[in-house]
Amino acid sequence: MKKLVDITQTSQWSKLQQHFDLLTQGLSLREMFSKNPNRAKEFSYQLGDLYIDLSKNLITDQTISLLVDLAKAANLPDAIHSQFFGDHINVTEDRAVLHTALRRDKADILEVDGQNVVADVREVLFKMYEFADKVRSGQRLGVTGKPIKTVVNIGIGGSDLGPVMVYEALKPFVDAGIEAYFVSNIDPSDFWEKCHNLDPETSLFIICSKTFTTTETLTNARLAKNWFLEQLEKRGVDNKIEAVKKHFVAVSTALDKVADFGIDPKNAFGFWNWVGGRYSVDSAVGLSLVLTIGPKNFEDFLLGFRQVDNYFYNTKLENNVVCIMAMLNIWYVNFFGANTHAVLPYCQYLHRFPAYLQQLTMESNGKSVRWDGTPVTTQTGEIFWGEPGTNGQHAFYQLIHQGTRLVPSDFITVVNPPYILKDGQQDVHELFLANFFAQTKALAFGKTIDEVRAEGTPESIVSARVFTGNRPSTSIMAANLTPAFVGSLIALYEQITFVQGIIWGVDSFDQWGVELGKQLAKQIEPAIVKDDIALASQDSSTKNLINYYRAHRDK
Ligand code: F6P
């Protein structure tokens, strides 16, 4: 990596600060729109299948140009090249960050340490597709000769959130009569609720873990294996080795550990340590998707990622909407002081997208130390959150519209729903979309005191009904809900996250912050079970809580 720039000490940062001070004096989106009838067009971009309108953000041409200057001051162009060509930009783990290699064109060659990684990627994909074709066509059956009807992905974090989000998003593409369940939490209720009613003879378990050391996943995997073998035994099947072989597969970078767990390495699908967990849904981690939506749709999904990667890599920063969206996040976090960012899908199928983004963005950029070990010099890592519209409208939109905080929001929708439903003559999706359009309009333009009075509102409640407007939003639309659209959406946010990390100087690809809790859980566990010495060594609050547990447990 090049020498780290303290971005806040650059002249580009100071210029943005001056620009901010001027722009925010009497800033009015109403005025900006009325002065420039082309504003929407000028700030809209086509990125593959995605149509992105940035015009309702608190920006002028000059803002974008100053933000791009800032990105250049942080050496973003070099950093992009380093990412795409395998430099060890994950400094604290000394690793390349090459999730873009997972979706490169099969004809590409990308050599890392003398090895063409694109060929390696295609080899695993081929193995996944071959396996999925056999399962989907009924050529590969369960141990009692029945076809597989249910896939259970056992994983957590990046080995869960991506697959479950995409499975939910692409349900209309589930086409072989195979459904998927996702067990992630070590709370045994998760396993119980999802699995106790399954038919073991038609179920396939995917143990999905990059490291194959994660306590949650390995515990759930053992629960699954025991439950499965017990059920089969009840049905008179006692060839345990063959049963596990037919019903358990693994996805991991640690194939030796997979074998130790008792899964045949032939039934293991590998990936590489240059794929971060939260960047892995397009690797073998997507096996549950290949099984349910099929190889062709998965290829389309990869194509969506590729479109964004190629665009991001090849487009000048000045016109590069991926870079601009990332820099807008910097604008809001570091200059407007925004603490959060709402992601609001107006598409029920994307209902897990905000949860997915939380790991992607917050595990990546929730850092107070830069990659060279020095403290960050400004705020990093805003909180991403959201719910699908219109549910969110009836819950938290009040705060976005009239609260004291600035919440930049991304609204995402598709033009054509997979299924058209009518309420009498009313196309219900149109009713739904009307809300998508209305919300960003209300946020941007608000409602003035005169408009409220003109409605005959009693004077005592006029101020309560005023909307200030000037609340920034981005609108993202696509014609159809397709695998490519979902792939593009993920790649867009992956690269936004990357750019923000470069500006802040953090390592967006490590996650040391999740380690301490894991270690302490291991130390505390004996105290919960029975060990009084382990209990005595706890702090008074932890001791107090464990004692409450001990006093109330039902065993
Ligand atoms: O939460 C920490 C983490 O390491 C994530 O980064 C990762 O996605 C998750 O745990 C699961 O890890 P694994 O795939 O190795 O089980």
Side-chain angles (χ1 to χ4, degrees), residues 89-99 102 124 128 152-167 180 182-187 190-191 205-225 248-261 263 268-289 352-367 371 381 383-384 490 493-494 497-498 501 506-522:
I89 60 171
N90 178 352
V91 176
T92 73
E93 294 180 320
D94 193 15
R95 284 181 187 167
V97 173
L98 266 178
H99 44 274
L102 297 169
V124 174
M128 288 160 69
V152 182
N153 186 83
I154 298 181
I156 198 163
S159 299
D160 167 73
L161 287 160
V164 72
M165 183 278 282
V166 178
Y167 175 72
F182 297 85
V183 177
S184 53
N185 203 333
I186 199 169
D187 181 339
D190 195 19
F191 176 80
F205 293 88
I206 302 174
I207 314 304
C208 189
S209 173
K210 177 176 168 179
T211 54
F212 232 74
T213 57
T214 306
T215 308
E216 289 87 340
T217 300
L218 293 188
T219 307
N220 279 323
R222 281 188 295 273
L223 284 184
K225 196 155 107 179
F248 281 76
V249 300
V251 170
S252 187
T253 57
L255 298 180
D256 49 334
K257 296 197 175 76
V258 169
D260 293 347
F261 182 81
I263 293 179
F269 300 85
F271 59 114
W272 307 270
N273 72 12
W274 42 258
V275 184
R278 53 195 176 272
Y279 298 87
S280 66
V281 62
D282 46 344
S283 70
V285 167
L287 183 64
S288 53
L289 303 170
R352 292 291 292 165
F353 191 60
Y356 168 78
L357 273 191
Q358 287 182 328
Q359 188 200 16
L360 175 64
T361 59
M362 290 154 72
E363 202 171 75
S364 296
N365 287 338
K367 314 274 162 78
W371 59 255
I383 296 157
F384 280 77
I490 298 172
Y493 283 93
E494 282 179 351
T497 304
F498 165 74
V506 299
D507 182 338
S508 300
F509 303 99
D510 63 12
Q511 56 285 316
W512 298 106
V514 293
E515 290 305 317
L516 178 60
K518 286 189 200 170
Q519 277 170 19
L520 292 182
K522 283 200 180 122

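One-based numbering, in listed order, for ligands and for the atoms of each. Only heavy atoms go into these numbers, but all of them, side chains included; no hydrogens, no water, no symmetry mates. All figures in this text were calculated on a predicted structure; none of them were measured in a lab.
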Give the atom numbers and elements of ligand 1 that come within less than 4.0 Å of a heavy atom of G158.
7 (C), 8 (O)

Is T211 touching ligand 1 with its side chain, its backbone, both, or neither, if touching means heavy atoms under 4.0 Å apart?
both

Go through ligand 1 atom by atom and flag the ones less than 4.0 Å from a non-hydrogen atom of V514.
1 (O), 2 (C)

How far is atom 10 (O) of ligand 1 from its nearest protein heavy atom, and which residue and atom is that?
K518 NZ, 4.5 Å

Going by distance only, is there an N or O of G277 that falls short of 3.5 Å from an N or O of ligand 1?
no

Y279 and H99 aromatic ring geometry - parallel, tilted or perpendicular at 30°/60° bounds
parallel

Which heavy atom of the protein is the closest neighbour of atom 11 (C) of ligand 1, given with residue, atom name and distance?
I156 O, 3.2 Å

Identify which of K210, E363, R278 has a heavy atom lying nearest to atom 6 (O) of ligand 1.
E363

Side chains of residues 215-223: which donor-acceptor partners sit under 3.5 Å, not counting sequence neighbours?
residue	atom	partner	partner atom	Å
T219	OG1	T215	O	2.6
N220	ND2	N185	O	3.0
N220	ND2	E216	O	3.3

Considering only heavy atoms, does Q511 approach ligand 1 within less than 4.0 Å through its side chain, its backbone, both, or neither?
side chain

Under 4.0 Å, counting heavy atoms only: does E216 come that close to any atom of ligand 1?
no

At their closest point, which heavy atom of F182 faces which heavy atom of D160, and how far apart are they?
CB-OD1, 3.6 Å

Gap separating the CH2 atom of W371 from the OG1 atom of T92, nearest 0.5 angstrom:
11.5 Å

Y493 and F353: aromatic ring centres closer than 6.0 Å?
yes

Could you state the interatomic distance from OG (S508) to CD (E494), rounded to the nearest 0.5 Å?
12.0 Å

Within a distance under 4.0 Å of any heavy atom of T214, pick out the atoms of ligand 1 and give their elements.
12 (O), 13 (P), 15 (O), 16 (O)

Carefully, step by step, assess S288 and Y167 under the rule side chain to side chain contact (heavy atoms under 4.5 Å, CB included).
CA-CA 8 Å; S288 53; Y167 175 72; 5.9 Å; no

